[in-house]
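To find a chain, count down the sequence lines: A is the first, B the second, and so on, and within it residues start at 1.
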There are 2 protein chains.
Amino acid sequence: MARDESPSRGHRESGSVTLQDIAAHAGVSRATVSLVLRASPLVAERTRAKVQRSIKSLGYVYNRGAAALRGSRTSTLGVVVYDIANPFFGAMVAGIDAALNRVGYVSFLANSEDSPKRQQRFLERMREHRVDGILLCPAEGTPPTLVETLNAWKLPCVQVLRHIGTPPFDYAGTDFRLGVNLAIDHLVAHGHERIAFIGGHTEHSATRERWQGYREAIDRHGLGYQRLLRSTVTRRDGFEAIGLLLGESPAPTAVVCHNDLVAFGAMLGLQRQGLTPGVDCAVIGTDNVEEAALSAPALTSVATHPYAIGEEAARLALRRINHPDGAREQVVLSPQLKVRESCGACRTASRVLAPTL
Amino acid sequence: MARDESPSRGHRESGSVTLQDIAAHAGVSRATVSLVLRASPLVAERTRAKVQRSIKSLGYVYNRGAAALRGSRTSTLGVVVYDIANPFFGAMVAGIDAALNRVGYVSFLANSEDSPKRQQRFLERMREHRVDGILLCPAEGTPPTLVETLNAWKLPCVQVLRHIGTPPFDYAGTDFRLGVNLAIDHLVAHGHERIAFIGGHTEHSATRERWQGYREAIDRHGLGYQRLLRSTVTRRDGFEAIGLLLGESPAPTAVVCHNDLVAFGAMLGLQRQGLTPGVDCAVIGTDNVEEAALSAPALTSVATHPYAIGEEAARLALRRINHPDGAREQVVLSPQLKVRESCGACRTASRVLAPTL
DNA sequence: GGTTGTTTTTAGATTGGTCTAAAAGCTAGA
DNA sequence: TCTAGCTTTTAGACCAATCTAAAAACAACC
């Protein structure tokens with residue numbers, strides 16, 4: 001208004017160039033510039049070109065915050081995981097990032113450190129930032145009502161890897177039950193009859209599913225031996241668990257582990273007693289972290305697919321944002337068994353190969 | 001205005017509760033509510049309490065986007081790394097997250113995959129979101145002018161781990177030169193005289209510093225033998241490099257590696273030839289990833305401190321945001337040598353210990 | 001030339017906070 | 001009672017976009 005055209009201050013002193021400035025420079029209205037920015041088909045080609053030129057020459061930067069205030073989207077997503085230092089989550093975040101990048105979204109990342117309190121703070125903060133949605137790997141001990149709370153907040157939420165609350169909800173993860181079944185089928189095919197399972201402590205879904213898979217597979221094969229050892233899931237737990245199991249009679253001839261860390265610990269425990277994993281006792285892990293191929297002996301592991309899970313989760317979130325009332329969707333990817341040395345099935349071959357994977 | 005008090009629609013149909021609503025409910029002005037929200041000392045205690053009660057009872061959610069539009073801060077930071085799947089960066093991001101969380105900041109995370117183009121897109125996107133600052137681990141091949149560009153954008157930027165451009169700039173990283181020196185001092189103390197260095201390809205600062213450290217240490221100890229093998233930095237590179245070096249005469253008796261992955265590859269290469277790392281040839285890595293303690297033999301490694309680096313970087317960024325014109329600061333943490341089996345110094349001890357670290 | 005129907009463009013309200021400058025309420029001293 | 005000097009409170013402009021509804025421009029037809 002009082003600004004008119006004073007060419008001397010093409011780049012204003014105050015700071016950033018706004019729609020107003022572009023409009024003045026191109027001799028059109030603010031509304032028209034806004035339409036050009038959003039590639040609206042309403043604008044005539046000549047006008048569009050003229051405006052584009054002004055945008056270039058004034059060095060305009062779109063202000064997404066201002067746009068979000070009037071519009072309804074922020075083009076941001078919140079991602080809350082419980083242990084970003086775990087390489088599994090690194091890969092998953094990479095998958096999320098790739099999928100979001102394709103549609104111009106950008107994501108806030110927060111690390112709950114498995115503390116429901118921290119997690120709660122982060123969710124509130126993201127709500128204040130008006131994220132369009134949340135990808136949540138619920139921290140251990142998350143109240144089951146949290147999903148309802150998010151619903152009440154009208155914040156689309158996709159659970160990842162673990163889930164809480166009762167269906168229907170959006171979820172992306174891997175089929176832990178199937179994973180344990182694959183491992184046990186393989187062991188049984190190689191003659192094992194006493195197979196134990198190590199790890200899993202509190203009751204979240206990812207643990208429950210593994211246990212289910214274990215019991216189910218043992219039953220299916222009609223094995224008389226069943227031994228499920230609860231524990232937290234660090235390397236030390238694996239180390240201690242294997243010591244305990246070997247002291248029992250009968251002792252298992254094979255163990256399936258909650259994750260690769262536990263499996264590494266179990267292998268160390270065997271070696272400490274002068275035993276060789278894969279020869280004296282088979283060991284199978286879960287996750288197939290990069291180092292599984294690397295340890296000695298190389299660890300047989302159930303490969304989940306963190307990158308793909310991340311991509312799927314992001315895809316679900318975007319769909320939910322665009323269709324708030326569509327049917328909830330649960331994507332469960334199938335894991336694969338990566339057979340290496342520690343299960344005893346290919347003792348000779350792999351050690352002399354060049355490193356793979 | 002036309003809204004008056006119609007108690008029937010205390011929670012409005014349209015969506016969120018605003019300052020306006022709180023003000024009406026508490027019988028004060030919008031401005032006063034805003035002051036209460038920001039804990040201003042201007043507000044009388046009685047008023048503050050009354051407003052707080054209204055905020056609670058209406059379920060108000062602060063809109064940071066709207067606040068940022070008028071104010072000057074968004075309380076957000078952009079973090080751009082080149083490989084989030086690498087556990088090192090996982091730990092670093094955890095450190096950043098912890099430091100930011102303390103001051104109510106939240107961060108956008110982007111994964112450049114070492115592509116300057118992707119990196120550029122991310123930076124532009126973050127600029128549009130008006131982040132208060134950037135933490136940047138520059139992708140390989142980043143034009144040295146990028147830092148100046150960010151300066152021109154008036155976007156505070158702290159470089160992490162690698163740096164480009166010419167000082168002064170803000171930077172947080174580790175002293176790679178010292179790290180290599182520590183490794184070589186240790187080897188020399190144990191009688192080694194022919195020590196090679198494996199890895200590092202293109203010219204970014206983190207590679208240059210390692211090479212400098214290598215040459216410097218070799219000179220300092222007056223060793224006649226010097227062998228620096230360039231390569232990319234995967235396990236396969238280590239595997240191939242050790243093969244090459246062992247075929248030379250004289251062959252080295254010890255190798256220091258660009259990172260732990262390369263070192264793992266070198267160990268596999270030795271084992272493939274029937275040699276034992278730490279006995280027939282010493283191997284030392286860099287990064288001290290979790291798995292270093294785990295491999296067989298356990299890998300001696302130069303421990304950098306990713307979590308601490310992340311915290312420092314975040315601290316620098318916050319300082320720069322609050323003091324745009326203060327002196328640039330470079331924080332360089334000192335690495336430590338973690339002695340295990342692969343360097344031959346404690347062959348007997350560690351194998352029988354319970355797993356540590 | 002006037003009417004109708006498209007295609008383009010625009011004025012002005014709106015979003016939800018912050019900020020400035022001034023007004024309103026107090027208290028105490030003359 | 002009046003005034004000076006606090007402490008509190010507030011009206012209204014402002015930030016930078018989007019959105020709605022209507023106006024303007026243009027073409028086609030009778």
Side-chain angles (χ1 to χ4, degrees), chain A residues 1-3 11-52 54-55 58-76 127-130 132, chain B residues 1-3 12-51 54-55 58-76 127-130 132:
Chain A
M1 317 234 133
R3 199 179 282 161
H11 299 85
R12 277 152 57 241
E13 69 299 333
S14 85
S16 58
V17 180
T18 74
L19 275 199
Q20 184 68 262
D21 302 315
I22 306 292
H25 186 268
V28 297
S29 74
R30 232 162 61 253
T32 302
V33 179
S34 176
L35 291 172
V36 169
L37 284 172
R38 285 172 295 153
S40 161
L42 289 179
V43 182
E45 193 44 54
R46 279 175 49 86
T47 314
R48 177 191 314 285
K50 191 172 56 177
V51 171
Q52 293 283 21
S54 296
I55 288 174
L58 293 191
Y60 171 76
V61 179
Y62 187 66
N63 186 327
R64 286 202 129 84
L69 185 54
R70 189 53 165 81
S72 54
R73 299 281 169 80
T74 56
S75 301
T76 61
R127 191 183 179 207
E128 293 182 353
H129 279 288
R130 298 291 192 269
D132 292 342
Chain B
M1 317 231 134
R3 199 178 281 161
R12 277 154 57 241
E13 71 297 335
S14 85
S16 56
V17 179
T18 74
L19 275 200
Q20 184 68 264
D21 302 316
I22 305 293
H25 186 269
V28 298
S29 74
R30 231 159 65 253
T32 301
V33 180
S34 176
L35 291 172
V36 170
L37 283 173
R38 286 172 294 153
S40 162
L42 288 179
V43 182
E45 194 44 54
R46 277 176 51 85
T47 313
R48 178 190 314 285
K50 188 171 57 176
V51 170
S54 296
I55 288 175
L58 293 190
Y60 170 75
V61 179
Y62 188 64
N63 186 328
R64 286 204 131 82
L69 187 55
R70 190 53 174 40
S72 54
R73 299 280 171 80
T74 56
S75 301
T76 61
R127 191 184 179 207
E128 293 182 353
H129 279 288
R130 297 291 191 272
D132 293 341

Which nucleotide in the set [options] lies at the smallest distance from any side-chain heavy atom of [X]?
X	options	value
B:T32	D:dA17, C:dT18, D:dT9	D:dT9
B:A31	D:dT10, C:dT15, C:dT9	D:dT10
B:S16	D:dC19, D:dT8, C:dG16	C:dG16
A:T18	D:dA17, D:dT9, C:dT8	D:dA17

Give one of base, sugar-phosphate or nothing for [X], where a contact means two heavy atoms less than 4.0 Å apart.
X	answer
B:T47	sugar-phosphate
B:A44	sugar-phosphate
A:V36	nothing

> By side chain to side chain contact (heavy atoms under 4.5 Å, CB included), which residues pair with A:S54, not counting sequence neighbours?
Replying inline: A:I22, A:H25, A:A26
Between [X] ([atom1]) and [N] ([atom2]), how many Å, whole number?
X	N	atom1	atom2	result
A:Y62	D:dA16	OH	P	14 Å
A:L19	C:dA11	CG	P	14 Å
B:L35	D:dT7	CG	C1'	13 Å
B:N63	D:dC15	CG	P	18 Å
A:K50	C:dT8	NZ	P	14 Å
B:L69	D:dA13	CG	C1'	13 Å
A:L42	D:dA25	CG	P	18 Å
B:Q20	D:dG12	CD	P	13 Å

> Measuring from A:L35:CG to A:S29:OG, what's the distance to the nearest 0.5 Å?
Replying inline: 7.5 Å
>> So, taking the atom named CZ in A:R48 and the one named CG in A:L42, what distance separates them when rounded to the nearest 0.5 Å?
In response: 9.5 Å
> Are the side chain of A:T74 and the backbone of A:A68 linked by a donor-acceptor contact shorter than 3.5 Å?
Replying inline: no
>> Quick check against the 3.5 Å criterion: does B:D132 have a side-chain atom that pairs as donor or acceptor with the backbone of B:R73?
In response: no
Do [X] side-chain and [N] base share a donor-acceptor contact under 3.5 Å?
X	N	answer
B:R70	D:dC14	yes
B:R30	C:dG16	no
B:R38	C:dT18	no

> Taking for each residue the nucleotide of DNA chain D bearing the nearest heavy atom, is the 5' side occupied by B:A66 or by B:E45?
Replying inline: B:E45
